[in-house]
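Each remark here refers to the structure printed beneath this line.
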Amino acid sequence: MSASSTPSPAQILSLYRSLLRVARDFPDYNIREYTKRRTIDAFRQNASLSDPSSISSAYSHGKSQLAVVKRQAVVYSLYASPLRSVMELQQVPF
């Protein structure tokens, strides 16, 4: 895709799914949930864009953020704590 062409809705949806999929790779609950929440919020914020250049710009920014998130997921997995978060423990009914 060239810098001036507008991404298709399928490409945008693919980017969204990729960001959410990579978010699942974080071993830490807080980082994982933050990444998911930030992805959802950014796509909601940019849903109203109608100018092709701003759509292309947002898409390019999203692709660069995907690369950052992938690298960070690897780094976090190297230094993951063996202890799980309280939020990840199974709830035992009383």
Side-chain angles (χ1 to χ4, degrees):
M1 180 178 87
S2 66
S4 64
S5 68
T6 305
S8 70
Q11 289 173 311
I12 294 170
L13 184 59
S14 175
L15 175 62
Y16 179 71
R17 286 179 172 169
S18 295
L19 282 162
L20 291 178
R21 198 172 296 121
V22 172
R24 286 186 284 180
D25 293 340
F26 282 100
D28 183 73
Y29 173 83
N30 293 319
I31 302 297
R32 185 171 55 244
E33 291 302 312
Y34 171 77
T35 305
K36 289 191 316 191
R37 188 173 58 248
R38 183 66 187 103
T39 298
I40 293 166
D41 290 346
F43 273 82
R44 282 185 181 154
Q45 179 182 1
N46 291 327
S48 62
L49 295 178
S50 58
D51 180 40
S53 64
S54 60
I55 293 172
S56 294
S57 174
Y59 181 76
S60 297
H61 180 70
K63 291 290 275 188
S64 67
Q65 290 301 305
L66 177 60
V68 169
V69 170
K70 283 181 178 180
R71 285 193 306 269
Q72 287 301 108
V74 170
V75 171
Y76 272 90
S77 69
L78 293 174
Y79 300 102
S81 172
L83 301 175
R84 296 180 67 178
S85 168
V86 173
M87 299 298 290
E88 295 174 305
L89 298 176
Q90 285 202 358
Q91 297 292 331
V92 179
F94 292 105

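- The hydrophobic cluster of Tyr34 has no other members, since no ILVMFWY side-chain heavy atom comes under 4.5 Å of it.
- Looking only at distances, a side-chain donor or acceptor of Ser56 sits under 3.5 Å from a matching main-chain atom of Ser5.
- Within the structure, the salt bridge (Lys or Arg N to Asp or Glu O under 4.0 Å) test picks out the following pairs touching residues 29-38 (sequence neighbours left out): Arg32-Glu88, Glu33-Lys36.
- In terms of the side chain to side chain donor-acceptor pair (under 3.5 Å) criterion, residue partners of Ser53 (sequence neighbours excluded) are, by chain and number, Asp51.
- Between atom CD1 of residue Ile12 and atom CZ of residue Phe43 there is a gap of 7.5 Å, rounded to the nearest 0.5 Å.
- One distance of note links CG of Leu19 with NZ of Lys63; it measures 9.0 Å at 0.5 Å rounding.
- For Thr35 against Thr39, the heavy-atom pair with the smallest separation is O-OG1, 2.8 Å.
- For residues 61-81, the pairs satisfying ring-ring contact (aromatic ring centres under 6.0 Å, His included) are Phe26-Tyr76, with sequence neighbours left out.
- With sequence neighbours excluded, the residues satisfying side chain to side chain contact (heavy atoms under 4.5 Å, CB included) with Val68 are Arg71, Gln72.
- Take Ile40 and apply the side chain to side chain contact (heavy atoms under 4.5 Å, CB included) test, not counting sequence neighbours, and it matches Tyr16, Leu20, Arg44.
- Remark: Ser18 pairs with Ser14, Arg21, Leu66 by the side chain to side chain contact (heavy atoms under 4.5 Å, CB included) rule, at least two apart or across chains.
- Closest approach of Thr6 and Ile55 over heavy atoms only: CG2-CG2, 3.9 Å.
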